[in-house]
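Worksheet: the structure to be examined is printed underneath.
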Amino acid sequence: MSTVDLNAKIPNNVDLFQDKRLLRALEQWQPNYLSWWKDMGPADFQEKDVWLRTAISVDAEGWANFDYVKMPDYRWGIFLADPLPDRRIGFGDAMGEPAWTVVPGEHRNTLRRLIVTQGDTEPASVEQQRLLGHSAPSLYDLRNLFQVNVEEGRHLWAMVYLLHSYFGRDGREEAEELLLRRSGNPDKPRILGAFNQPIDNWLDFFMFTMFTDRDGKYQLLALAESGFEPLARTTRFMLTEEAHHMFVGESGVERVVERTAELMKLDPNGDARAQGGIDLGTLQKFLNLWFALSLDLFGGEISSNAASYFAAGLKGRAKEETYEEHRALDQSYRMSVLADGAVVEQDVPLRNAMNEVLRDAYVEDCARGVERWNKRLAEAGLGERLSLPSKRFHRHIGIYADMPFDDEGRLLTRGDFEARKGDYLPTEADREYVRSLMKPVREPGKIAQWLGRPARGIKGLPFEYEYVRLD
Ligand SMILES: [Fe+2]
Ligand SMILES: [Fe+2]
């Protein structure tokens, strides 16, 4: 196994000291990164000790060390999963050929675009979540937010390493640009839609880490199959960090559901809001919004770009090894499409359907999470259930973009949709209500009224632990 040089100015397991030019380029980028973190990272908690995990190896077990760290001192570094011996390209036209250790000239621009698009999401989410520390519902949650934030920062490092190492001057310019775009800024927005949405409350945050970080998981799974070996190895290690982000989202919503159920039972009219909680209707609307925004991140249903990424061996399917056939020629994928304004089932050539294949795997994973939340409702003796809306609902990309489908996937008239929109998506009043609940709770062991306690704390510690030292 490769060893991690933790004492280097830039911790890494890629023998950075051997490549002086690369080292110099990254060391020049480092202060710019830190000044971005200072400006756009979590507001106001930079001097506090946070109980954070830091990568110290890429071993599947025990890769992380837990300790109090001030966020700007976090050891952001470059960690690639160890190479697999004699790795071959696992899909597409070049299937069976040795994986590339340098960028193939003909795929240079496409690969750079894939890496930049992935890289852009990482700082974007930090920017979106920048003010959430002010309203954290507990110290445990505050710590989880910061853990996610520093790791998204590290994911940016992961992509910048690839740009600096393999794309010369273009790569260095792209690395600078990654620090210049700003989430939600009309003049220099982040590249993808969901990463320009404001996240000003913890319900948005939990839904984002459940649904949008999970899109990240599926993009990383697809890139982990890449024939470009450094990208595959980088994303494989990122996936181990990503798992925690989705845990924060899935267990976060689960704890809202548990608390809501408790409050409903407490209230004579079953009204969670009357008890200072978040009602299931509001939860469902936030779920609808973030699920739809995240579906867009997979791109168009029928896509010649996706087909060419697959053909070229750049981006595979999640867990490609579980498929029997890896060229995806002469095969088709059954999906619903629009024909003359009606939804019909159709067979689409498989390579052109790769976005939809990945999206469907994602939807299945999301459904498992919702199932888990519903179990909590059932255990509480409640009949209500949460559900995923139709994949056609509230889309902005692909064949259903900007069409007035309702949450069950029925096409409404635009007028009907507008009239009912507030039944499906958070209204300004819903948002205002949720915001009104966002009062910080900063005493160890205490938690906000609208949220349940986690079953356990971090790494064997109790929930009551002082995960962030505020004084
Ligand atoms: Fe990430
Ligand atoms: Fe993430």
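Keep in mind it's a predicted model, so treat the numbers as computed, not measured. Indexing begins at 1, ligand by ligand and atom by atom, following the structure's order.
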- Task: Tell me, please, which residues at least two apart from Ser226 pass side chain to side chain contact (heavy atoms under 4.5 Å, CB included).
- Result: Phe228, Leu231

- Under 3.5 Å: donor-acceptor pair, side chain of Trp202, backbone of Pro137: no

- Task: Applying salt bridge (Lys or Arg N to Asp or Glu O under 4.0 Å) between Arg435 and each of Asp200, Asp204, Asp430, report the one that passes.
- Result: Asp200

- Message: Does any part of the side chain of Leu287, heavy atoms only, come nearer than 4.5 Å to the side chain of Met207, both counted from C-beta?
- Response: yes

- Look at atom CD of Glu27 and say whether more than 12 heavy atoms of other residues, nucleotides or ligands are closer to it than 6.0 Å. yes

- Task: Taking the six-membered ring of Phe195 (Phe, Tyr or Trp), confirm whether the NZ or CZ of Arg190 is under 6.0 Å from its centre and within 45° of its axis.
- Result: no

- Using 2.8 Å as the cut-off, note every protein N, O or S atom close to the Fe ion (ligand 1). Glu122 OE1, Glu152 OE1, His155 ND1

